[in-house]
Amino acid sequence: MSDKPKLAFYWCASCGGCEESVVDLAEDILMVAGAVDIIFWPVAMDFKKNDVEAMEDGSIFAAMINGAIRTSEQEEMARLIRRKSKVVIAYGSCAHMGGIPSLANEFSREQIMEFMYQESPSVVNPEKIRPMLNFKHNSQNVNLPEIRNLVRTLDQVIDVDYYLPGCPPTPKLLKQAVLTLLSGEFPPKGTVLSPDEALCEECPRKESKPSDLSFKHFYRPHEVLLDKTKCLLSQGVVCMGPATRAGCEALCISGNMPCSGCFGPTSRVRDQGAKMLSSLCSNISENDEAGIDGVLDGIPDPVGTFYRYGLAASLLRKKITEDV
Amino acid sequence: MPDKKYEPKIVAFFCNWCTYTAADLAGVSRLKYAPNVKVIRIMCSGRVDPQFILQAFASGADGVLIGGCHPGDCHYSEGNYKMLRRFRLLKRMLHTLGIDDERFRLEWISASEGEKVKIVINDMVEKLKVLGPLSIPKQISVLDEELREITEEHAEPLTGREELSHV
Ligand code: SF4
Ligand code: SF4
Ligand code: FES
């Protein structure tokens, strides 16, 4: 094998969109492929765990791991790849902050299993059979990975060097990240590889964002006809732009949809949801409880709205069960 | 069965101009209130970032109490209304996330209402005693035990990697 830097991609609890975003590099993928050797990429190339185990520790230059961590197998693979890699990048919202899969942290593992294997309307399972972790088949031991109690971010399981945010990250950011790493100029550990300012700063509708917002109603995008030119917050739609990191170049806003926060917070914010809640609520026009609650009725699911991509990375991380 | 010896931990954010002064007054007047509260003085209830509240719970508080000036009396005119608006949504969100309503409380207490400080704190302590400990850090560390299961030789140890060196 050549002595070009070795690159690995791996996926955990994710939808496949992050893999797609690598392919979306289009002709630039040739640039990447010319500069590095991709030595592990299960979605596209035939390599096995053994092949990775056989590599020397630290011999992979950079590994991009996407997806949240939900199973024992994902933990094991993430730790194996960590050992073999010089740089590990949490790729995409799920690895970065838990992503949409981490909304499952609103439920216990038992609640999820009960629904999936018993109560779901599409399931017929009178014997209440559940998957077993181990069983014997033709005198062979067969093992399944365990579903863990929590959905975790990648950095709650292994040490992470950098983060590429987004659901999924844009090809432009991926290309920049690869070029940065190849240049040998490593940014400080823990850097999120996207501009450290609010999305509003790069939003084409920024000029129409009022400095004194005052909310009388909140609307969900399907409830109103949205003006294609005006700031969405000024139209009463929850746009996470003020609490979200820039870097996507306001993709959703270009499609006349509000930002739902996939790039996570800037470095000055610890908890993206709390920050957004704070700034939205401060600008409600009412002063008494009943009036305030009336306006807030327009946000029926605050957890799903403010932590859509990051419940696992939030300060509370999960629904608290008071009986542990 | 709640533990008899259990003493709830409350983090209180008190506005400098009203509730903090009232708590002082309660002290000077020797009004006895339960010693379970860690008071943090802030310049206005409007300065309480919801992140502070979540951080308090995440660090092991059993309850969070916020004290501000009565409506119309805020020194910065709108601060207490801002807090009230955040409080209404945050309370609903905390409820969804399994944190009982009694654990999060907002009270308007003016500088002269030392007695009210005592009543509110004692009442909150009683209610939290009935609920028992919240112990979020302990809950997370119990769940994180499962991370120790994988011990195979290729697995990276869970902690202790060094900073990347710049080339
Ligand atoms: S709130 Fe949304 S629409 Fe308004 S400026 Fe910010 S990103 Fe753009
Ligand atoms: S606008 Fe918001 S949700 Fe849409 S891609 Fe950008 S950061 Fe993600
Ligand atoms: S100054 Fe007391 S609540 Fe604002």
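Letters go in sequence order (proteins before strands), and every chain restarts at 1.
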Okay, A/L315 and chain B: the region with an atom under 4.5 Å from a heavy atom over there is both
Residues 63-73 of chain B vs chain A, non-hydrogen distance cutoff under 4.5 Å, contacting residues -> none
So CD1 of A/I299 and CE of B/M93: to nearest 0.5 Å the spacing works out to 10.5 Å
Query raised in the report: Side chain of B/Q51, backbone of A/D271: donor and acceptor closer than 3.5 Å?
Result: yes
Distance col, row A/I292:CD1 vs B/L84:CG, nearest 0.5 angstrom, shows 4.0 Å
Should A/L316 and B/L94 count as side-chain neighbours, where that means a heavy-atom distance under 4.5 Å?
-> yes
With chain B, the option among A/S314, A/P302, A/S183 that has the most non-hydrogen atom pairs under 4.5 Å is A/P302
Handout entry: NZ/NE/NH1/NH2 to OD/OE distance under 4.0 Å, B/R85 and A/E289
Key = no
Check: Would one find more than 12 heavy atoms of other residues, nucleotides or ligands at under 6.0 Å from atom NZ of A/K4?
Finding: yes
### Query
Should the pair A/D293-B/R92 be classified as a salt bridge under the 4.0 Å nitrogen-to-oxygen rule?
no
State, yes or no, whether a side-chain contact exists between B/R86 and A/S282 at a heavy-atom distance under 4.5 Å. yes
Expected contact set for residues 104-111 of chain B against chain A at heavy-atom separation under 4.5 Å reads none
Cut-off 4.5 Å, heavy atoms of chain B, and the answer for A/V269 is both
dist B/L97:CG -> A/L311:CG (nearest 0.5 Å) comes out at 6.0 Å
Turns out that what part of A/E286 lies under 4.5 Å from chain B's heavy atoms comes down to backbone
Distance col, row A/N149:CG vs B/E145:CD, nearest 0.5 angstrom, shows 11.5 Å
Taking a cut-off of under 4.5 angstrom between non-hydrogen atoms, the residues of residues 52-62 of chain B near chain A are B/L54, B/Q55, B/F57, B/A58
Cut-off 4.5 Å, heavy atoms of chain A, and the answer for B/D144 is both
Please check if the number of heavy atoms outside A/E110 that lie under 6.0 Å from its CD is greater than 12.
yes
The reported gap from CZ in A/R79 to CG in B/L147 (rounded to nearest 0.5 angstrom) is 7.5 Å
- Message: Are there over 12 heavy-atom neighbours, none belonging to A/R268, within less than 6.0 Å of that residue's CZ?
- Response: yes
Worksheet item: Is a salt bridge present between A/R152 and B/E146, judged by a nitrogen-to-oxygen distance below 4.0 Å?
Response: yes
Distance col, row A/L280:CG vs B/L89:CG, nearest 0.5 angstrom, shows 8.0 Å
Turns out that what part of A/R317 lies under 4.5 Å from chain B's heavy atoms comes down to side chain
B/R47, CZ: over 12 other non-hydrogen atoms inside 6.0 angstrom = no
Taken in chain and number order and not counting sequence neighbours, the residues that satisfy ring pair (Phe, Tyr, Trp, His ring centres under 6.0 Å) with A/Y10 are A/F40
Cut-off 4.5 Å, heavy atoms of chain B, and the answer for A/E75 is both
